[in-house]
Structure formats: C-alpha cells, structure tokens
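First the structure, in the form of structure tokens, and then the observations on it.
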Number of protein chains: 2
Amino acid sequence: MPTILDVAVSAGVSKTTVSRYLNGQGPISEETAERIRATISRLQYSPNHFAQGMRTSRTKTIGIVIPDYANPFYPELIKGIEDYARKHGYVTQLSSTHADPASELESLREMVRRHIDGIVFCSYGRAKRDIDYLVEIADRMPVVVMDPLVRKEPLSYVVTAGRAATKEAVSYLVSIGRKRIGYIKGPSKRFATNDRFEGYKDGLVAQGLPYDKDLVVEADFSLRSGYAAAEAILRSGMPVDSVMTATDLMAIGAIKAFNHHRVAIPQRIAVVGFDDISLCRIIEPSLTTIAQPIAALGTAAARIIIDAIDSENMEKRQISMKGELIVRKSSNPDYRDEFPSDTGSFGIH
Amino acid sequence: MPTILDVAVSAGVSKTTVSRYLNGQGPISEETAERIRATISRLQYSPNHFAQGMRTSRTKTIGIVIPDYANPFYPELIKGIEDYARKHGYVTQLSSTHADPASELESLREMVRRHIDGIVFCSYGRAKRDIDYLVEIADRMPVVVMDPLVRKEPLSYVVTAGRAATKEAVSYLVSIGRKRIGYIKGPSKRFATNDRFEGYKDGLVAQGLPYDKDLVVEADFSLRSGYAAAEAILRSGMPVDSVMTATDLMAIGAIKAFNHHRVAIPQRIAVVGFDDISLCRIIEPSLTTIAQPIAALGTAAARIIIDAIDSENMEKRQISMKGELIVRKSSNPDYRDEFPSDTGSFGIH
DNA sequence: ATGAAAGCGCTAACAG
DNA sequence: CTGTTAGCGCTTTCAT
C-alpha cells in the first residue's frame, strides 16, 4: 500500500503539499496539482484511514443503531439517511441490537470508540442507561433519536406526529359514517404507542364521541396479538363499526380474524392501520393506513447531524413530521386496488 | 479521553506493561495486573481504535456487502454472521449497494480502505469488475461470496443447493399425484435462477416426465410478474396441475392470480415457492416452499472468515447447504395452518 | 517481569 | 505557493 510519502517523493513534492491537495486546503499551483493527481492515480494511492482518523478524529461516518434488521421500517429509514449522507461525503455504519438494552449500550460505546462523527439511534424501548449515555455524548457529538422517547431529555429527535395523524384518521372514519371506533393499542410502556393512542382519544373528543374503554384492547405488536384482539372485540358484542390499530401488523392480524369470522370489511367493520408496510397492499382487502414519511425522517436526521458537524453547533433540534392517511379497500369498498400491487422485487438469493 | 499513557502513569508502570496487559502478551505479575485493571476501570480507559489499527492494521471487523436492506433474506443472514462473529470478538460492518455494480465496487473499496479483516459479499448480479476485485483482494484477506456466482473463480462461497432442492420438490409433487408441473423462473442472466431451473429439469428427468417449454414462464422476481406469469399459464390452456417458482414472491403473485381467477389451490393447482419468507405463512393458502438454511449460511460464512484469519490460510473453501421442503396448504389441502401464524412482532416506530 | 524508544501515516503549526 | 517538523496513541523490538 503506497503512503502519502510515496506519492510526495514520486511527484517531487512534500507530504504537506500532497495532504493539502487531498484536503483542498491552501493554494496549490495548477501544475503541481496535476502532477499529484497523476501520481495518485498511477500509484492507486488511497489515504490510510487510521492515520487520518488519528490526526483528525473524524471518520466521515454516521452510526445508525437499530433494534431489528427485520422490521421493514428500517431499510427505508436507513436509505433516507444514507442517501443524504453519501451526498455529503459521509458513509454510514449500521448496528443492530436485537432490541436488547445491554446490546444497545454496547453498540453505542463501540461506535464512539470508533469515532463515528454522529449517531442516529432507534430503539423500541427507553432504557435509562441508554438515554443517559446518549445525553452524555450528545454534548460532544451530534445524536438524533428517532422517537420522542426522550421528550424531556436534551436530545435531538425526529418523529412522525403519531398523535395528530391518528386524530385525523378518527375524523376520516367519522366522515365516512363510522361512530363506534375500536382501538388496538400496543404495550402501554412504549411511548409511541401511547402517543398514537392519545391521538385516538383526541379524535373522539373532537368528533364529540364518547370514549369507551371497552372498545380498546391492548396487544403486543405481533400479527397474532392483533388477531386475538380483534376476536376479543367481536366477542365483547360491542357494536363496533371500525377498528384502528397502533401498527399495521396488528391491523393485518385483525383483518385475518375478521375474514376468518366472515365479518365483512369494510362494510361491517372498517380497519385502519399505522405505518404503511408493503403488506398493506398484499393483504385482502388492502389496508387503509397512516404512512410515515420514512425516507424524509431519515433525511432529516442525517441533515441534523451533518449540519451540526459542519457548524460545530451542538444545539438540540426536534422535528415532528406529518403522517399521511392512505385510503384503501379496508375502509373504502369502492377503492380499486392497483392489482396486482407492485411490491417491488428482490433478486434471487 | 484517557490514553494508555494516562493509565500507565496513574498505575505507576510503563505504557508497555499496560499494552501487554491489554493484549495478554508476555508475563505480568499478578499484583501489577491488578493495579492496571483497577486504573483502567477507574479512568474508563478504552484503547484508541485508530492508534491500534495503525499499528496492527487489524480491526476485528467483518464487512458485509448486500444489495438491498429490504430483502427479507438478509436480516437473517446478517444475524447468522453477527452471532458467530460476536462470539469470536468481531463486529460487523454493513453496507448496502442498492444492487448497483458501481456502488458495489465502491463499497468494497471503502471497506478495504478501512482495513476490515474479511468480507462477506452478496449481490444479485455478477459484475465482472466486482469479481475481479474480489479475486484480487482474496489473496490478502478472506472473502466469502454468498452465491455460486463464481463457480469457476478462485473464491470461497457458501450457498444453498438450489438445484438439488428443486429437484426434490419435483419428486414431492409427483408423489402427491401431480404430473404436469409448470415453472415460473427468474431472469435467465441470473445464475441462481438457472441453477434452480436446472433442478426442475433434473426432477422431470428423474420422474420420467417430459420437459415441455410451454410450461415454463420467465418472470422478473416481482410479485406482479409472478401474477402475470400465472395468468399466462392459465391462458395457455395447458393442463397444469402444479406450479413451482424460483422465488416465494413470484409464488405469492401466482397464488393471488389463481385466487382471483377462482382456481382452487391446491385442489386444481398446487403451488411451491422457494425461500420461505414470512409472507408464506400470512398468504392464504399458506405457501409450500423450499427453505434456505439462512442463519446456517451466515454462520458458515463467518466461520470461514474467522478460521482463515486465525490460521492465516487463504485457501478457498466452497460450501453448499441443503434446502428443506416445507409443506403447507398450497400443496396439501389437509395441512392445518398454525393460525394465526406467528410472524414475529416488530416494535412500534 | 518491566521499560525506553522507535515508528506506523497522516495533518497542522510554523517558516520561508 | 511550498517545505520542515512535531506528534496523535499505540505496539513492538531491544534492553535491562
């Protein structure tokens, strides 16, 4: 591997000049630049990452911590981050924690040890030790949390306004004549769950509907739990004419339950999910849902980080983006699916 | 950030001794070791990654290049690699290329520049420049390709034996009385597609069935193309009693087409996919398919790499693992789905 | 069993 | 516009 010295000698200049050329610092005569350029390309020189890092402790790397590679939310988020990062000369470093708090902390520490320049942190939970650590490093390095886990903590975050979007979805259901709206929520200890649930209650208030806790069932995010929750709603005998859920996967469980029990969707019960995963277009009937602007969330996170690095301003920023209601067949019988839906295609493996 | 010198001074020893302690080199008195241990923990010292890398040019990092975060194959593969790697003190570095050859090459170069210790490379294609580069670096650093892209190249690979598994699936279909087996294949330029397709032909030969090219339709891996292919098979008027596909997503497209045209599955046409993505258990009827031993593939890849590093033996190894036929409702009407199927649960986002 | 000192490849004062 | 020099934090001879 050639070093900067090889290039310098070979081009008949000093290391400094080569370094300056590489980093676009200070003025270099066009002629010298050209000689250096040629030499670099002839020697296939590429700067040693460690030596560079050691001097600058910059790595042009943004770390991304996620709980779970398999959650379809993340690929798109990562892509949003990566696209923006790449445009600005950064690469990303990804780490999955399998939703394990110990592993979350370990991932963060490892990233810091590797001197990444900023962190995007995603988690299902809100482990105190994680947050403490994030707050600690956030003074030195830009950190963005993809959840309002930490409303009260001095951290930057980027989120979808789940509460507002859910509230709007309630008014949509009322506008199509639904009056008894059930809700399948996630585990109460999750902040985002409660945020969306608050939106449901806001919506009822805004529409002058009574809040009836018998119409609310708690599930655990799995398809199966959504199925069971839907059955519970049926068994309760409540005159429900629509069901909203905190996540699409639970909504799809509910659809499977209603299909199985021959409850007509949407004629008897309309279903509205949250997230807009690709399954929404595959399931029958296709699922009305609230789409998160995932790629935009990623872009915003990357922008916050890169802005902060460039400006050396560690001020915290909070961004909340609007969710978008996407009406499909599970709430509108006249909706015509693009059929078969295009859900992308993966290469063979 | 404390340095090794801080630790040394604070513990009343030299840098050398601390370094030796850290790397388990040479003999150190129990007493000294204890003092160093205490100091390190008190100072929260952690070795500087760059300085270490500069000296050793080892990073304890395995790079993974994949074409696409969204393909459900990869999360599981990555997990297989990571689990093995972590157990052996390695971390992984992931990079997605969006199936773009230029980006593949760039990712590889960037990883090499960062001195990762080994690479697992996944691609949908087989760009010559990528392969040339891989072959070039494979003499210095262990490389494993997750596809027999490169049968003839001097590279290690780990794959599922698609041909053998497909052949077996044909004999399974024959065993349940099917005689006219259609096949939906992927784009011909993809090696793995053809590999599976050869298995289909092998199977016909083994079962004494004629190969009829009118029963074979080429699609492009998308659900939609599978749908169209299934319709083409129906329109052809051929007396098909079963359809195999090169991938699950195309099989699911076919199921949607058959459902839509009220062709009874599996009574009139049985469907068999390949991959075993989670959708197989969500679609109705649930999809019989050939499962790849994904996590085992990942583990095998990581093992090859870490073995090679430890033994400094750059010999190439090829591993081919068996696929497993998983019978569900799309071929067996008596199969009882675990219902609702457990497809895992993702935390909210 | 421990230390002193050299040097990995790079960047950034400082000097001309 | 260009060069000299010091030093980032670590591991590794070579001494002791």
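Keep in mind it's a predicted model, so treat the numbers as computed, not measured. The figures that follow rest on heavy atoms only: side chains count, while hydrogens, waters and symmetry mates do not. Residue numbering restarts at 1 for every chain, and letters A, B, ... go by the order of the sequence lines.
Residue B:Gln52 has a polar side-chain atom (N or O) positioned under 4.0 Å from OP1 or OP2 of D:dT11. B:Thr3 has no side-chain polar atom (N or O) that falls below the 4.0 Å cut-off from OP1 or OP2 of D:dG9.
In this structure, A:Lys15 places its NZ atom 16 Å from P of C:dA13, rounding to the nearest Å. Atom CE of A:Met54 is separated from atom C1' of C:dT11 by 12 Å (rounded to the nearest Å). Between the P atom of C:dA5 and the CG atom of B:Leu5 lies a distance of 14 Å, rounded to the nearest Å. Whole-Å rounding puts the B:Met1 CE to D:dG9 P distance at 11 Å. Rounded to whole Å, atom P of C:dG9 lies 17 Å from atom CG of A:Asn23.
Minimum atom distance to the side chain of B:Ile4 is reached by D:dT11, of the listed D:dT11, C:dG3, C:dT11. Proximity note for A:Thr56 (side chain, C-beta onward) versus D:dT12, C:dC8, C:dA12: the nearest is C:dA12. Counting only heavy atoms from C-beta on, B:Arg20 has its side chain closest to C:dG3 among D:dT2, C:dT11, C:dG3. Nearest nucleotide to the side chain of A:Ser14, out of D:dG9, C:dT11, D:dG3: D:dG3.
For C:dG7, its base sits under 3.5 Å from the side chain of B:Arg55 at one donor and acceptor pair at least.
Defined by atom type and a distance below 3.5 Å, a donor-acceptor pair is present between the side-chain atoms of B:Arg42 and B:Ser10. In the model, B:Tyr133 has no side-chain atom that pairs as donor or acceptor with a side-chain atom of B:Glu104 under 3.5 Å. Judged by distance alone, the side chains of A:Ser95 and A:Ser107 do bring a donor and an acceptor atom under 3.5 Å apart. No hydrogens or angles considered: a donor-acceptor pair under 3.5 Å links the side chains of A:Arg114 and B:Thr61.
Direction of the helix axis in the helix from C:dA1-D:dT16 to C:dG16-D:dC1 shifts by 30° between the two five-pair termini, rounded to 10°.
In terms of heavy-atom proximity, B:Ser57 sits nearest to B:His115 at CB-ND1, 3.8 Å. The nearest pair of heavy atoms linking B:Val143 to B:Ser156 is O-CB, 3.4 Å. When all heavy atoms of B:Leu155 and B:Ile131 are compared, the pair lying nearest together is CD1-CG2, 4.4 Å.
Residues from residues 27-51 of chain B placing a heavy atom under 4.0 Å of any atom in DNA chain C, listed by number, are B:Pro27, B:Ile28, B:Ser29, B:Thr32.
Using a cut-off of 4.0 Å between Lys/Arg side-chain N and Asp/Glu carboxylate O, B:Arg37 and B:Glu34 are scored as salt-bridged.
In this structure, A:Glu136 places its CD atom where more than 12 heavy-atom neighbours from other residues, nucleotides or ligands lie under 6.0 Å away.
Base engagement by A:Thr16 is indicated by at least one non-hydrogen atom pair under 4.0 Å involving a base atom.
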